[in-house]
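Have a look at the structure below before the remarks.
Numbers here simply count residues along the sequence, with the first being 1.
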Amino acid sequence: MRAKYVAVLDIRSSEITAVVGERGVNNTFIIKSKYASGYEGFAEGELLDVGSFVSAISEVVKSTLASNGGIKSFYVGVPGEFINLVSVDKTLSFPYARKVTQADVQTLVGMAAPADDEVWRTVRHSCLYYVLSDKRKVISPAGAVSDGLQGKFCFYKCRNSFIGCIMDAFKRFKEIASVNLIPICHAEAMYLVEPEMRNKCTALLDLGFISSSYSVIYGDGLLYSESFSVGIGHVAVYLMAELDIPYEVALTFLSTVNLNAKEKLSGTEECVYKGKTYAFSTMTLRDRIREGLDGICETVDECKRNYTGKSVDGSALLITGEGIKTVRGAAEHISGRLERKVEVIAPKIPYYDKPAFSSVLSLLDTALSDER
């Protein structure tokens, strides 16, 4: 495989996707291959079925290697439920004012780095900002004159048990020499959110199928990140329980009902499954779906209360992930329920300009930047 290509593995809560791609013109991507496999998922920071997880990774990696020669490494996205964010402020003093070097920056990072333990291992770090002795905040301090350097860092620590499961899946592929871990929450924040918006402090909700993440972005890192085992799939489960219908029927109604449509207010929605017809009034379905979404909103509200740092009230809540477009009108309902402006974001690339592609393209962008 040519060096300009990278292979990434996107682990979502219901599906695992392997993509090989390179950088295209105008910050687009050229996708060489894409393979996906469903699996049992995860909840509460634990894989629901380790065997299913390992098998899904093995399947997509095997297909990727069969269609792409020369792959020696994989970049693997780590879901928020397996990430512990550690924030650290550290200061390095110099005996006199001088130009800050890159070696100084690395020394400061080393001073700030938290120790690994039996449960957590640091897999990546970023700096929200550096502060010079004249109180200026900068992103790249090398070359600036100062008699000291302060940095606000965030370190992303991954659960060791999850790393072990990933390595178990890759150990059968002898040609893979390295596996690099990327926190999905960090990759999405850096790729999807413009620097000007990040510098104002912004909240991002990645609404998944079984699991979702709420992060507060500032500068080149995260001030806060919390994941919770609630997603759009739980709305389907709620619908299934409330209406006594099969799960597959509930999923169908989620994708056919429009919460904002003015027509058919007194109509019915039908779904035929295994020869049986399920019919409910449009209003009944809308009410139940809204109630299910309210449960997600309550959890997001709790995340916001748990975060006590720099205010995000002045900016819109950014939402991405496969869950936000499953139900038409979901964003508007969430906005009304949270009493906050909501903006759905996705990659700005033709065909891939959908929230469902946000994590995989964010990982691809981060991996290509690392390779460069």
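- Under the 30°/60° scheme for interplanar angles, the aromatic rings of F209 and Y247 are found to stand perpendicular.
- Ring geometry for Y39 versus F53: interplanar angle of 30 to 60°, hence tilted.
- In terms of heavy atoms, N160 sits closest to W120 at ND2-N, 3.5 Å.
- The closest side-chain donor-acceptor pair between E371 and Y75 falls under 3.5 angstrom.
- The CD1 atom of I345 sits 4.5 Å away from the CG atom of L318 when rounded to the nearest 0.5 Å.
- A centroid separation of less than 6.0 Å is found between the aromatic rings of F82 and F42.
- With sequence neighbours left out, R328 forms a side chain to side chain donor-acceptor pair (under 3.5 Å) with no residue at all.
- Remark: E194 pairs with K348 by the salt bridge (Lys or Arg N to Asp or Glu O under 4.0 Å) rule, at least two apart or across chains.
- For the atom pair CZ (F74) and OG (S178), the distance works out to 10.5 Å, reported to the nearest 0.5 Å.
- The pair D313-K304 meets the salt-bridge criterion, with a side-chain N (NZ, NE, NH1 or NH2) lying under 4.0 Å from an Asp/Glu carboxylate O.
- A donor-acceptor contact under 3.5 angstrom links the side chains of S67 and Y35, judged on distance only.
- The shortest heavy-atom contact between G321 and R12 is CA-NH2, 4.0 Å.
- Using cut-offs of 30° and 60° for the angle between ring planes, the Y352 and F357 rings count as perpendicular.
- With a 4.5 Å cut-off between side-chain heavy atoms of Ile, Leu, Val, Met, Phe, Trp and Tyr, the cluster of L92 takes in V86, V88, F94, V100, V105, L108, V109, M111, Y130, L132, V138, L149, F153, F155.
- A donor-acceptor contact under 3.5 angstrom links the side chains of S359 and D10, judged on distance only.
- Side-chain polar atoms of D287 and T284 form no donor-acceptor pair below 3.5 angstrom.
- Atom-to-atom distance recorded for S215:OG and D206:CG is 8.0 Å, nearest 0.5 angstrom.
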